[in-house]
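Please read these numbers as outputs of a predicted model, since none were measured by experiment.
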Amino acid sequence: MREGGGAPGVLRWGAVLALGVCGLLHLPPEPVALTSGDPAALLASVVTVACLLVAGWLAVRGGASPAGWLAAGAVGGGTLVLHLLAALGAVDPPPLAFGAAFAWVAAALVLVPALTVLLRRTAV
């Protein structure tokens with residue numbers, strides 16, 4: 001499953017970009033909050049690290065790794081489930097660095113992981 005450029009390369013770099021944006025949008029507002037033991041801030045950090053690690057994996061290994069695409073779908077889907085549970089009130093929404101500053105962030109927090117899942121589904 002080696003990609004030469006064309007559509008698979010576009011899908012891969014689209015997924016890398018979507019995961020990178022998703023990771024950056026989930027940055028906690030204050031990294032110091034992690035030492036306080038706040039579970040919501042810790043959850044935001046876990047999402048950030050997971051998104052950025054998988055984005056790096058896809059960027060370095062390329063679309064040749066089915067496990068990378070599986071991880072991209074799992075991280076994107078898990079992020080969607082997290083936001084669904086937060087909307088239902090089952091979990092506290094994580095505090096986000098960009099959440100209060102821009103109104104479009106709320107939509108992006110759902111659309112970007114959904115795009116990642118869609119790209120994964122299309123690529124595999």
Side-chain angles (χ1 to χ4, degrees):
M1 188 168 140
R2 216 59 200 147
E3 62 181 67
V10 170
L11 294 175
R12 175 177 65 133
W13 289 110
V16 168
L17 181 64
L19 283 166
V21 168
C22 185
L24 293 176
L25 287 175
H26 283 89
L27 280 172
E30 298 176 12
V32 179
L34 296 175
T35 59
S36 69
D38 179 20
L42 181 61
L43 189 58
S45 296
V46 167
V47 171
T48 294
V49 169
C51 287
L52 295 178
L53 281 176
V54 174
W57 184 6
L58 279 178
V60 172
R61 295 275 305 153
S65 171
W69 283 111
L70 180 64
V75 169
T79 304
L80 284 174
V81 169
L82 170 69
H83 285 285
L84 176 66
L85 291 174
L88 294 173
V91 296
D92 290 333
L96 306 173
F98 300 111
F102 304 104
W104 55 266
V105 172
L109 287 171
V110 176
L111 293 176
V112 172
L115 176 64
T116 303
V117 172
L118 179 66
L119 289 170
R120 185 257 176 219
R121 175 76 175 122
T122 305
V124 175

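- Annotation for Val16 and Ala59: closest pair CG2-N, 3.7 Å, computed over non-hydrogen atoms.
- Under the side-chain contact (heavy atoms from CB on, under 4.5 Å) criterion, Leu115 pairs with Ala18, Leu119, not counting sequence neighbours.
- Hydrophobic clustering (side-chain heavy atoms under 4.5 Å, transitive across Ile, Leu, Val, Met, Phe, Trp, Tyr) groups Leu19 together with Trp13.
- Counting Ile, Leu, Val, Met, Phe, Trp and Tyr side chains that sit under 4.5 Å apart, directly or through other members, Leu53 shares a hydrophobic cluster with Val49.
- Checked by atom type and distance alone, the side chain of Thr48 pairs as donor or acceptor with a backbone atom of Gly23 at under 3.5 Å.
- When atom types are taken as modelled, the side chain of Arg61 and the backbone of Gly68 share no donor-acceptor pair closer than 3.5 angstrom.
- For the pair Trp69 and Leu58, the tightest heavy-atom approach, listed with the atom from each and the gap, is N-CD2, 4.1 Å.
- No single ILVMFWY cluster, assembled from side-chain heavy atoms under 4.5 Å apart, contains both Leu52 and Leu17.
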Show me the side-chain donor-acceptor pairs of residues 75-88 shorter than 3.5 Å, one per line, residues at least two apart or across chains.
unit_1, atom_1, unit_2, atom_2, d
Thr79, OG1, Val75, O, 2.7
His83, NE2, His26, NE2, 2.8

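- Atom OG of Ser45 and atom CG of Leu27 lie 8.0 Å apart (nearest 0.5 Å).
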